There are 2 protein chains.
Amino acid sequence: MDNMQEKFHNLFQKHGIFIKVNKDNKIFLEGERAKEIYYIKTGAISISQETENGKELTIRICGPDSIIGEDALFCNLTYNSMTAKVLERSSLYVLSRESLELLLVEQPDLMVEYMKWLQTENLKHQSRLRDLVLNGKKGALFSTIIRLSNTYGKPIENDTIYIDLPLTNTEIANLCATSREMINRMLNDLKKHNIISFEKGYITIHDLQFLKDEIACENCPLQICRID
Amino acid sequence: MDNMQEKFHNLFQKHGIFIKVNKDNKIFLEGERAKEIYYIKTGAISISQETENGKELTIRICGPDSIIGEDALFCNLTYNSMTAKVLERSSLYVLSRESLELLLVEQPDLMVEYMKWLQTENLKHQSRLRDLVLNGKKGALFSTIIRLSNTYGKPIENDTIYIDLPLTNTEIANLCATSREMINRMLNDLKKHNIISFEKGYITIHDLQFLKDEIACENCPLQICRID
DNA sequence: AAAATGTTTGACCTTTTTTGACTAACTTTA
DNA sequence: TAAAGTTAGTCAAAAAAGGTCAAACATTTT
């Protein structure tokens, strides 16, 4: 955990309320008044948008030490643009918007940290936009796997990375803005060529470089090329 | 111009250097060390990324009162992730990163404004990601036209909006992550159905509602649904 | 064991991309 | 200023990619 996350962890721990939430619960809903900010201590939470015609796009999948619900700080009246769904039982610190605003104003160095974090979020979104849009659905999937690897990957042996987060094809499809059938086909294709393997929702990457090469991955900083 | 932009305008006017730049010049380049922040007084500037395989994606087209080059505030050593190209002769205020950092720390209320602005940028990117990815290339174009309308549109008579920014098909294609042929075909289609018309690079919208309906546009706030 | 949820596959259809050929408009240079 | 070169726009046909639907199978949960 780097310095910034430590500062925020301390802040939320000191001033926030600690809660636990079960799988499939919603932390907040798209369209609702935005009142609180959350710091994830354990678990996994997805941030997504749904459109009228029933499509769903997942913007982030957040794990420990992520901040969520951050769209509305210092704005009088705003509504969540996203829904936060609990993917696996999670624990989080909750802080009211007003409290966080006050705390940040009192501690300018924290405000600077928060700003840096917002900037990083921006860069993440920009690079994700590029990845999802510029190399077709295959590019979207490959980029998503690379980001999952950078965010939840555990190296298990020489060049083999285990993604320690169970995902259904549907969840991956929502990250890639495509159908689960498409994801299924592409994943099986990668398995056939020994690029990845998977079992019970857990993906293991055997040839990360192949995925990177396919989408002309320019090795952007690891704190940017993430899914959280 | 709203209050926030006025504050920044004053700040840049007071502390920045005023420069003029001709069409097709670059303000900064992808990969270069990021040293300065810019406030656009007049003109039009595109912010885009190029990939190894020659594709280009334009993230923003900025006009008067936009801030550009903002990716790296309070970070010691960072590089531009984008290239800024001058679309039409522009004038801007330049401020070194260090100066802006100092000024923001001295004036906490400005820091808050800057943060709010960063948040808005984030929401813009998120909604653009959704638009570009969720409704195919047609959705990408329609969303782009709607955003251009919200950003550069001048109402000329009942429900007719003139987009006061000349764009080539190639430039529109880069905004939509597709080819200029595709854009050409779709624009002609829209013209045939009297949704839009265009002449010498200037688009006029005759039926904005049609475009909105086609992509199930949920009328998000006007400060979010923009291209700058 | 039944129900619910998720996966796999094939067939079929639609959209998007690519390619190539041609024209118009604009720049550069001789 | 005319010729040559470059960039942009137009159009059509073929190929590739992606989406949808239905049916069968597998796996968790209840």
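Excluded from the calculations below are hydrogen atoms, water molecules and symmetry mates; all remaining heavy atoms, backbone and side chain alike, are included. Predicted, not measured: the structure shown is a model, and the values here were computed from it. Chain naming here is simple, since letters A, B, ... match the order of the sequence lines and numbering starts at 1 in each.
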Enumerate, atom names and distances included, each donor-acceptor pair closer than 3.5 Å involving a side-chain atom of residues 169-179 of chain A, sequence neighbours excluded.
unit_1   : atom_1 : unit_2   : atom_2 : d
A:Glu171 : OE1    : A:Thr168 : N      : 3.0
A:Ser179 : OG     : A:Met182 : N      : 3.3

Indicate whether any N or O donor in one side chain lies under 3.5 Å from an N or O acceptor in the other, for A:Thr42 and A:Ser91.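 Yes, side-chain donor-acceptor contact under 3.5 Å.
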Can you measure [X] atom [atom1] to [N] atom [atom2] for me and round it to whole angstrom units?
X	N	atom1	atom2	value
A:Phe142	D:dA17	CZ	P	12 Å
A:Leu190	C:dT8	CG	C1'	16 Å
A:Ile203	C:dG6	CD1	C1'	15 Å
B:Asp189	D:dA12	CG	P	12 Å
A:Leu167	C:dT5	CG	P	18 Å
A:Lys23	D:dT29	NZ	C1'	11 Å
A:Glu214	D:dA17	CD	P	11 Å
B:Glu171	D:dG9	CD	C1'	14 Å

Under the salt bridge (charged side-chain N to carboxylate O under 4.0 Å, His left out) test, which residues partner [X], sequence neighbours left out?
X	answer
A:Arg130	none
A:Arg97	A:Glu101
B:Arg226	B:Asp228

With a 4.0 Å cut-off, would you call A:Glu70 and A:Arg60 a salt bridge?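 Looking at A:Arg60 together with A:Glu70, the answer is yes, because their closest N to O distance falls below 4.0 Å.
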Practice task
Please determine if A:Asp65 and A:Lys41 form a salt bridge, counting it only when a charged side-chain N lies under 4.0 Å from a carboxylate O.
Solution key: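 Here A:Asp65 does not pair with A:Lys41 in a salt bridge, since their nearest N and O are not under 4.0 Å apart.
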Proximity to DNA chain C (any heavy atom under 4.0 Å), residues of residues 178-185 of chain A only: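 Residues of residues 178-185 of chain A that come under 4.0 Å of DNA chain C are, in numerical order, A:Arg180, A:Glu181, A:Asn184, A:Arg185.
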- Could you identify which residues of residues 128-141 of chain A place a heavy atom less than 4.0 Å from some atom of DNA chain C, listed by residue number, or say none?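 The stretch gives none, as no residue of it lies under 4.0 Å from the strand.
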Please report the C-alpha distance between B:Phe12 and B:Ile37 in whole Å, then the side-chain angles of each, then the deciding distance to 0.1 Å, and finally whether the side chain to side chain contact (heavy atoms under 4.5 Å, CB included) criterion is met. CA-CA 9 Å; B:Phe12 275 82; B:Ile37 317 270; 4.0 Å; yes
Exercise. C:dT7 phosphate, OP1 or OP2: any side-chain N/O from A:Asn169 under 4.0 angstrom?
Worked result: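 Yes, such a contact exists.
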Strictly by ring-ring contact (aromatic ring centres under 6.0 Å, His included), give each pair with a member in residues 143-188 of chain A just once, sequence neighbours left out.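 ring-ring contact (aromatic ring centres under 6.0 Å, His included) check on residues 143-188 of chain A returns A:Tyr162-A:Tyr202.
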message = Between A:Phe28 and A:Tyr38, is the ring centroid distance below 6.0 Å?
response =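 A:Phe28 vs A:Tyr38: aromatic centres under 6.0 Å.
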I'd like to check the side chain to side chain donor-acceptor pair (under 3.5 Å) partners of A:Asp24; sequence neighbours left out, ordered by chain and number.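 None.
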> With A:Thr204, which residues qualify under side chain to side chain donor-acceptor pair (under 3.5 Å), at least two apart?
Replying inline: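 A:Thr204 satisfies side chain to side chain donor-acceptor pair (under 3.5 Å) with no other residue.
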Its contact letters, B for base, S for sugar-phosphate only and - for none at protein heavy atoms under 4.0 Å, make nucleotides 22-28 of chain C read -------
Could you tell me whether the side chain of A:Gln119 and the main chain of B:Leu73 form a donor-acceptor pair under 3.5 Å?
->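 At least one qualifying donor-acceptor pair exists.
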Review point. Hey, what bend do you get for the helix from C:dA1-D:dT30 to C:dA30-D:dT1 if you fit axes on five pairs at each end, rounded to 10°?
Key: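 Comparing the axis at each end, I get an angle of 50°.
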_Show every side chain to side chain donor-acceptor pair (under 3.5 Å) that has at least one partner inside residues 185-194 of chain A, sequence neighbours left out._
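Sorted result for residues 185-194 of chain A: A:Asn184-A:Asn188.
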